[in-house]
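Remarks on the structure that follows.
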Amino acid sequence: MSDYSWRVGGTSGISDSENGVEAVYLRKLPSSKYKGVVPQPNGRWGAQIYEKHRRTWLGTFNEEEEAAKAYDVAARRFRGYAALTNFMVSEKGIQDDIETTFLNSHSKAEIVDMLRKHTYNDELEQSARNYGSKESGTDVMESKPSACARVQLFDKVVTPSDVGKLNRMVIPKQHAEKHLPLQLASSSKGGLLNFEDNGGKIWRFRYSFWNSSQSYVLTKGWRRFVKEKNLKAGDIVSFHRSTGSDKRLFIEWEQRDSSRKPSMKQVESGQMVRLFGVNLFSKS
DNA sequence: AAATGTGTTGAC
DNA sequence: TCAACACATTTG
């Protein structure tokens with residue numbers, strides 16, 4: 001009997017360590033029936049597309065079909081409407097649909113980024129919402145992220161560990177419990193929350209409670225945000241929610257003004273106070 | 001330690 | 001151009 005199994009590289013194996021003998025049986029990874037889809041050692045699926053001898057990685061996915069759809073999106077953006085895809089249909093004369101417009105208004109890099117973050121569908125949906133509002137005459141203020149009526153939830157001056165290699169941001173407990181009930185996160189999408197930034201870009205973070213530190217944290221997806229915004233310790237991240245019933249969430253960030261002397265400015269935000277360049281929490 | 005995604009190769 | 005494979009790098 002095999003004591004355990006594992007997978008490394010392009011092969012997987014089973015180790016039988018009876019009598020201290022380590023016999024290894026290599027097993028081939030299953031090929032995908034979909035174009036642009038490759039198996040991953042852990043049973044998940046990767047998507048990739050080639051262009052001029054160069055491979056562009058499109059991310060990893062739980063389902064083979066998800067990966068195939070990611071490839072399709074990339075194929076259409078990279079090679080045009082007539083590109084060969086796994087699922088998409090290309091009929092003559094409908095090259096002006098919303099998705100095509102959406103694809104054409106974003107760079108390849110942006111589309112790839114959305115695919116790797118798994119936010120493509122959300123961004124497309126949001127784009128469609130904006131498009132629809134123009135047509136129907138609905139108040140643009142309700143859909144346009146930068147102008148949408150919103151209420152502030154809380155700010156946080158990010159700490160060194162928030163922007164460090166821990167790849168997570170701690171949400172101060174009182175704010176988390178007041179504004180972001182874990183139930184809201186863990187209910188439908190398994191702990192995933194979408195936030196829109198001022199550019200209308202969607203950021204998806206995993207939101208969870210860590211028992212070890214008794215703290216609420218944003219984990220998966222946070223590192224990418226820190227990197228793209230070049231977030232530094234001391235910068236302020238601001239969380240908002242739309243006032244409407246649509247429950248949309250927003251994230252904003254503000255760079256620390258290092259040109260100003262810390263002692264000259266007192267920034268107050270919620271229960272946090274920045275004084276003499278030091279962040280203090282007021283007792284309450 | 002596990003997962004991701006790059007280096008590389010050879011078939012098509 | 002493409003997927004297979006090995007495995008270095010990155011992430012949790």
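All figures in this text were calculated on a predicted structure; none of them were measured in a lab. All chains are named by letter (A, B, ...) in the order of the sequence lines, taking the proteins before the strands, and each is independently numbered beginning at 1. Heavy atoms only: backbone and side chains are in, while hydrogens, waters and symmetry mates are out.
The two residues A:V157 and A:G234 come nearest to each other via the heavy atoms CG1-O, 3.5 Å. Here the closest non-hydrogen pair linking A:S238 and A:D155 is OG-OD1, 2.6 Å. Closest of all the heavy-atom pairs between A:A67 and A:A47 is O-CB, 3.5 Å.
For A:W57 and C:dT10, the CH2 to P distance is 16 Å, given to the nearest whole Å. Protein atom CG of A:L29 is 12 Å distant from nucleotide atom C1' of C:dA6, rounded to whole Å. We find that CG of A:N62 is positioned 11 Å from P of B:dA3, with the value rounded to whole Å. In this structure, CZ of A:F61 is placed 17 Å from P of B:dA3, rounded to the nearest angstrom. Straight-line distance from the CZ atom of A:R224 to the C1' atom of B:dG5: 12 Å, rounded to whole Å. Remark: P of B:dT4 and CG of A:L58 are 14 Å apart, rounded to the nearest angstrom. In this structure, A:N42 atom CG and C:dT10 atom P are separated by 18 Å, rounded to whole Å. Distance CD (A:Q40) to C1' (C:dC7): 12 Å, rounded to an integer number of Å.
Residues of residues 44-55 of chain A having a heavy atom closer than 4.0 Å to DNA chain B, listed by number: A:R44, A:R55.
The side chain of A:P39 lies closest to C:dA4, out of B:dT6, C:dC2, C:dA4. If you check C:dC7, C:dT1, C:dG12 against the side chain of A:R79, the one that comes closest is C:dT1.
Checking the phosphate oxygens (OP1, OP2) of C:dA3, no side-chain nitrogen or oxygen of A:S32 falls inside 4.0 Å. Contact annotation: A:K35 side-chain N/O to C:dC2 OP1/OP2 distance is under 4.0 Å. Between A:K28 and C:dC5 there is a side-chain N or O to OP1 or OP2 distance below 4.0 Å. Within the structure, every side-chain polar atom (N or O) of A:R223 is placed at least 4.0 Å from both OP1 and OP2 of C:dG12. Proximity of A:T60 to the phosphate of B:dT4: a side-chain N or O atom is located under 4.0 Å from OP1 or OP2.
Annotation: side-chain contact (heavy atoms from CB on, under 4.5 Å) contacts of A:D235 (sequence neighbours excluded): A:V158, A:L231, A:K232, A:Q255, A:R256.
For the salt bridge (Lys or Arg N to Asp or Glu O under 4.0 Å) with A:D113, the lone residue among A:K227, A:R204, A:K201 that qualifies is A:K201.
Within the 4.0 angstrom heavy-atom criterion, no nucleotide atom of any strand lies near A:T219.
Considering only heavy atoms from C-beta on, A:V73 stays 4.5 Å or farther from A:F102 through its side chain.
Here the two rings, on A:F205 and A:W222, have centers that are under 6.0 Å apart.
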